[in-house]
Each structure stands twice: as structure tokens, then as C-alpha cells.
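Structure, as C-alpha cells:
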Amino acid sequence: MRNIIIDCDPGHDDVIAIMVAMAHEEELNILGITTVAGNQTLDKVTNNILKVQTLLGTNIPVSKGYDCPIVKPLEVQPLAHGETGLDGPELPETDLKPTGLHAIEFMRRTLEEAKDKVTFVCIGPLTNMGLFLKTYPHLKDKIDCIAIMGGGIYNGNIQVKAEFNVYHDPEAAKLVFDSGVKVVMAGIEVCYSGSILLTETERAKDGGKASKLFYDIMQFYQGYAIRNGWDRTAIFDMTPIIWLLHPEYYVSEEREVHIELNGEYCRGMTVVDTRGYSGQMVNPKTVLVSVDREKFIEVLFDSLERLDKRFA
Ligand code: RIB
Ligand code: CA
């Protein structure tokens with residue numbers, strides 16, 4: 001059993017990742033969800049996860065974090081996630097409220113009270129995580145690892161060489177990557193290798209509450225792939241969650257990773273040292289390279305089935 005905190009910017013793929021985690025309460029004990037501005041504004045992404053919880057009938061504590069990156073201005077992503085940040089599914093109004101603690105205060109209190117180490121799963125920009133580590137460095141010892149969706153070994157998505165979560169707040173990413181805490185990096189390559197076929201989404205069409213939410217989320221989310229003529233799409237954020245459940249499904253390498261803060265074309269790039277001088281590594285990260293796509297996707301549909309039964 002791992003105690004985890006999920007830091008996110010829901011976001012279509014964020015919600016799917018959280019549902020996969022919810023479906024594995026034997027292995028993953030979600031202590032809390034913290035939100036950060038990224039895909040949409042802080043208020044919108046926070047409301048999204050509160051409304052999703054109202055729909056599903058869950059009430060995991062949600063704490064709001066930073067509403068903008070440390071240096072860069074906020075750049076929301078309506079193209080990929082819509083004006084609400086979760087366009088597509090019909091979501092109920094909610095009476096649920098955030099805890100009232102700032103995300104890094106929730107993180108601090110949780111770690112101070114935790115008997116065992118806590119794992120962070122960061123699937124949005126790293127503003128909350130980076131500033132938490134900067135503010136409370138003495139609590140690093142209470143962290144088992146920080147599993148992130150972010151970066152890329154060779155390429156980017158929002159920029160030629162930068163992935164959105166790291167690009168959005170590279171200063172925060174540097175604070176995380178240089179912290180000395182174990183980092184597991186699920187970059188875009190491993191996410192793409194686990195892409196769902198658009199035809200596979202249909203498997204959820206006539207399912208229960210969780211499957212229907214997933215299906216409705218995907219009707220909007222996979223529109224980007226359809227418009228580009230692709231037969232599949234990456235549900236990026238569930239990649240680190242499924243690694244926590246089944247690391248054996250993945251190929252990974254221990255690599256030094258540096259965050260580029262300057263550079264006209266590559267600010268926000270994760271510079272992964274693939275030269276292989278393993279003897280000289282000072283602070284290696286576990287970089288996920290690829291995943292067994294079929295097994296990865298089966299975890300998703302098994303999760304939806306479990307939640308359909310639980311929320312029936
Ligand atoms: O690059 C993919 C990441 O950007 C995912 O976390 C997605 O939710 C968006 O935030
Ligand atoms: Ca995200």
C-alpha cells in the first residue's frame with residue numbers, strides 16, 4: 001500500500017488518471033488531491049475535480065495551490081481541454097469545497113502527520129511541488145518518490161523540445177529535479193507508447209457511471225487526434241499512476257536529467273543524458289521509456305469496471 005498525493009490540473013487525462021488510482025484503493029491510498037493552474041485556471045481545474053467527485057460520489061480532500069507559474073505567465077490550453085478545462089462531459093453542480101489549506105500547506109501537514117513515506121504523483125505543472133520542496137526542504141525525507149508526467153527524452157509536444165507540464169513552469173521543474181528526491185519521469189515517449197486506439201474507447205460506451213464519464217471525456221479529448229487523422233491518442237497522465245501499480249510493464253533507464261531554463265528554442269526542455277556514462281551519475285532519475293501497450297490499456301478498462309461496480 002502506497003500513500004499518495006495527486007497534484008494535478010484536471011484536465012481530461014488528469015481525471016482519467018485519478019479514476020485509475022481510485023480503482024486501486026488496496027494498492028494506492030489517496031491522501032489528497034492538490035490542484036495547480038495549467039490546462040485551465042486554478043479555479044476551473046479545482047471546480048472540475050470537485051464536480052467529478054460529486055458525480056462519482058467520492059470526497060477526497062482537494063486543496064488549491066498556485067494560480068500561476070513561478071516566472072512564466074499562465075498559458076491555459078483551451079484547444080486541448082476547452083474553456084472549462086474539462087469540456088465534454090455533463091458535470092453536476094457541486095456543494096463540495098476545497099479544504100481551505102493551500103496545497104503546499106496540505107502537503108506539509110500530511111507529511112508531518114504521516115507515519116510512512118508518501119509518494120507524490122504530479123500530473124500538471126510542477127509549481128506546487130517545486131515550491132513545496134523549496135519551502136519545506138526538511139520534509140524531503142518523508143517523500144518516497146515523485147512520479148511525474150512531464151518532459152520528454154527526445155522531443156516535446158507544446159514546443160519542439162518541451163512538453164507542456166515542464167514548459168509551463170521550468171523553474172518549478174528544476175526545483176523538483178534538483179531536489180535530490182527520487183524522481184520517476186513519464187515523458188511523452190512512454191505516454192505515446194501506451195496510446196489508446198480510438199476504436200478501443202468504444203468498449204466503455206455502454207458501461208456504468210465511471211465508464212460513461214470516461215467515454216464522455218474521450219469524446220472531447222480524442223477530437224484532437226481525429227482532427228489530425230490519428231488512429232490513437234495518449235492519455236498522458238495515467239502513465240505514472242499505472243507505473244506505481246505495474247512497473248514491470250515498463251522499460252526504464254536511470255538517467256541524469258537537467259531542465260533547460262534558457263535557450264530561444266528549448267526553454268522547458270528536459271535534457272536527458274542518454275550517453276550512458278553510468279559511473280558519473282550524481283542524481284539519476286528513473287526515466288520511463290516505453291510500456292506494454294495492451295497490458296497498460298487493460299489496467300484502464302479493468303479500473304473502469306471496478307469503479308462501475310463500486311459506484312453502481
Ligand atoms: O503534456 C501533457 C500534459 O499536459 C498532461 O498533464 C495534460 O493534462 C496537460 O496538462
Ligand atoms: Ca495534467
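- Connection of Leu213 to Val299 is established within a shared hydrophobic cluster, with ILVMFWY side chains joined at heavy-atom distances below 4.5 Å, either directly or through further cluster members.
- In this structure, the side chains of Ile235 and Met218 come closer than 4.5 Å at one or more pairs of heavy atoms.
- Pro92 and Thr54 make their closest contact through CG-CG2, 3.9 Å (heavy atoms, listed as atom of the first residue, atom of the second, distance).
- Looking only at side-chain heavy atoms (C-beta outward), Lys161 and Asn155 come within less than 4.5 Å of each other.
- Pro240 places none of its side-chain heavy atoms less than 4.5 Å from the side chain of Val184.
- Counting only distance, with no hydrogens or angles, the side chain of Asn3 and the backbone of Val118 share no donor-acceptor pair below 3.5 Å.
- Counting non-hydrogen atoms of other residues, nucleotides and ligands closer than 6.0 Å to NZ of Lys72 gives a total above 12.
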* Please walk me through it: do Ile143 and Lys182 pass side-chain contact (heavy atoms from CB on, under 4.5 Å)? -> CA-CA 8 Å; Ile143 302 174; Lys182 176 175 169 56; over 6 Å; no

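- With no hydrogens or angles considered, no side-chain donor-acceptor pair links Ser290 and Ser193 at under 3.5 Å.
- Apart from Val76 itself, the hydrophobic cluster it occupies contains Leu74, where clustering links Ile, Leu, Val, Met, Phe, Trp and Tyr at side-chain heavy-atom distances under 4.5 Å.
- For the pair Arg310 (side chain) and Met22 (backbone), a donor-acceptor distance under 3.5 Å is present.
- Side chain of Glu163 to main chain of Gly151: a donor-acceptor pair is present (N/O by atom type, distance under 3.5 Å, no hydrogens or angles).
- Note on residues 259-271: pairs passing side chain to side chain donor-acceptor pair (under 3.5 Å), not counting sequence neighbours, are Glu171-Arg267.
- Between Leu91 and Thr84 the shortest side-chain heavy-atom distance does not fall below 4.5 Å.
- No salt bridge links Glu26 with Arg306; every basic N to acidic carboxylate O contact stays at or beyond 4.0 Å.
- Residues Thr274 and Tyr154 have side chains in contact (heavy-atom distance under 4.5 Å, counting atoms from C-beta outward).
- The closest donor-acceptor contact from the side chain of Asp67 to the backbone of Ala37 lies at 3.5 Å or more, if one exists at all.
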* To do: Check the pair Gln219, Thr201 against side-chain contact (heavy atoms from CB on, under 4.5 Å), reporting the backbone distance first and the verdict last.
  => CA-CA 9 Å; Gln219 296 319 294; Thr201 303; 4.1 Å; yes

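- Side chain of Lys285 to main chain of Glu254: no donor-acceptor pair is present (N/O by atom type, distance under 3.5 Å, no hydrogens or angles).
- Put simply, the side chain of Lys140 never gets that close to the backbone of Leu133: no donor and acceptor are under 3.5 Å apart.
- Using a 4.5 Å heavy-atom cutoff, the side chains of Phe311 and Leu55 are not in contact.
- Annotation: Asp95, atom CG; neighbour count of heavy atoms from other residues, nucleotides and ligands within 6.0 Å does not exceed 12.
- Atom CD1 in Ile241 sits 10.0 Å away from atom OG in Ser303 (nearest 0.5 Å).
- Here CZ of Arg227 is found 7.0 Å from CG of Leu79. Values are rounded to the nearest 0.5 Å.
- With hydrogens and angles ignored, the 3.5 Å screen pairs no side-chain donor or acceptor of Gln40 with any backbone N or O of His81.
- The existence of a salt bridge linking Lys295 and Glu298 is excluded, since no basic side-chain nitrogen approaches an acidic carboxylate oxygen closer than 4.0 Å.
- Using a 4.5 Å heavy-atom cutoff, the side chains of Leu126 and Asn165 are not in contact.
- When hydrophobic clusters are built by joining Ile, Leu, Val, Met, Phe, Trp and Tyr residues whose side-chain heavy atoms come closer than 4.5 Å, directly or via intermediates, Ile60 is grouped together with Ile4.
- Nearest heavy-atom pair, Met19 versus Ala210, reported as atom, atom and distance to 0.1 Å: CE-O, 4.1 Å.
- Between Lys212 and Asp308 there is no salt bridge, since no side-chain nitrogen of the basic residue lies less than 4.0 Å from a carboxylate oxygen of the acidic one.
- With Phe236 as the fixed residue, the ring pair (Phe, Tyr, Trp, His ring centres under 6.0 Å) test singles out one of Phe164, Tyr192, Tyr221: Tyr192.
- Listed here is the closest heavy atom pair of Leu175 and Gly130: CD1-O, 3.7 Å.
- Nearest heavy atoms, Arg255 versus Glu253: NE-OE1, 3.0 Å.
- Connection of Met238 to Ile18 is established within a shared hydrophobic cluster, with ILVMFWY side chains joined at heavy-atom distances below 4.5 Å, either directly or through further cluster members.
- Note on Met107 and Ile6: separate hydrophobic clusters, where clusters join Ile, Leu, Val, Met, Phe, Trp and Tyr whose side-chain heavy atoms are under 4.5 Å apart, directly or indirectly.
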* Please step through side-chain contact (heavy atoms from CB on, under 4.5 Å) for the pair Ile5 and Phe106, ending with a clear verdict. => CA-CA 10 Å; Ile5 292 176; Phe106 174 82; 4.0 Å; yes

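- Looking at Asp87, its side chain never comes within 3.5 Å of a backbone N or O of Phe220 through a donor-acceptor pair.
- Sorted by first and then second residue, the side chain to side chain donor-acceptor pair (under 3.5 Å) pairs involving residues 113-127 (not counting sequence neighbours) are Arg2-Thr119, Thr127-Asp169.
- Atoms CG and CG, from Asp13 and Asn39 in turn, are 6.5 Å apart once rounded to the nearest 0.5 Å.
- In the hydrophobic cluster analysis, where Ile, Leu, Val, Met, Phe, Trp and Tyr join through side-chain heavy atoms closer than 4.5 angstrom, Val15 is grouped apart from Leu42.
- Residues Glu200 and Phe301 come closest through the heavy atom pair O-CZ, 3.2 Å.
- A donor-acceptor distance shorter than 3.5 angstrom exists from the side chain of Tyr250 to the backbone of Thr239, with no hydrogens or angles considered.
- To the nearest 0.5 Å, atom CE of residue Met129 and atom CG of residue Asp7 are 7.5 Å apart.
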* Asked: Which is it for Val45 and Ile49 under the side-chain contact (heavy atoms from CB on, under 4.5 Å) test, yes or no, and what are the steps along the way?
  -> CA-CA 7 Å; Val45 300; Ile49 193 60; over 6 Å; no

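- Here the side chain of Asn128 pairs a donor or acceptor atom with the backbone of Tyr66 at under 3.5 angstrom.
- Side-chain contact annotation: Tyr249 with Glu294, donor-acceptor N/O pair under 3.5 Å absent.
- Between the OG1 atom of Thr99 and the CD1 atom of Ile33 there is a distance of 11.5 Å, given to the nearest 0.5 Å.
- Of the N and O atoms on the side chains of Thr286 and Ser252, not one donor lies less than 3.5 Å from an acceptor on the other residue.
- When every heavy atom of Leu111 is checked against every heavy atom of Leu139, the shortest pair comes out as CD1-O, 3.8 Å.
- Note: Leu245 CG to His24 NE2 = 5.0 Å, rounded to the nearest 0.5 Å.
- Within the 4.5 Å cutoff, the side chain of Phe177 has heavy atoms near those of the Val183 side chain.
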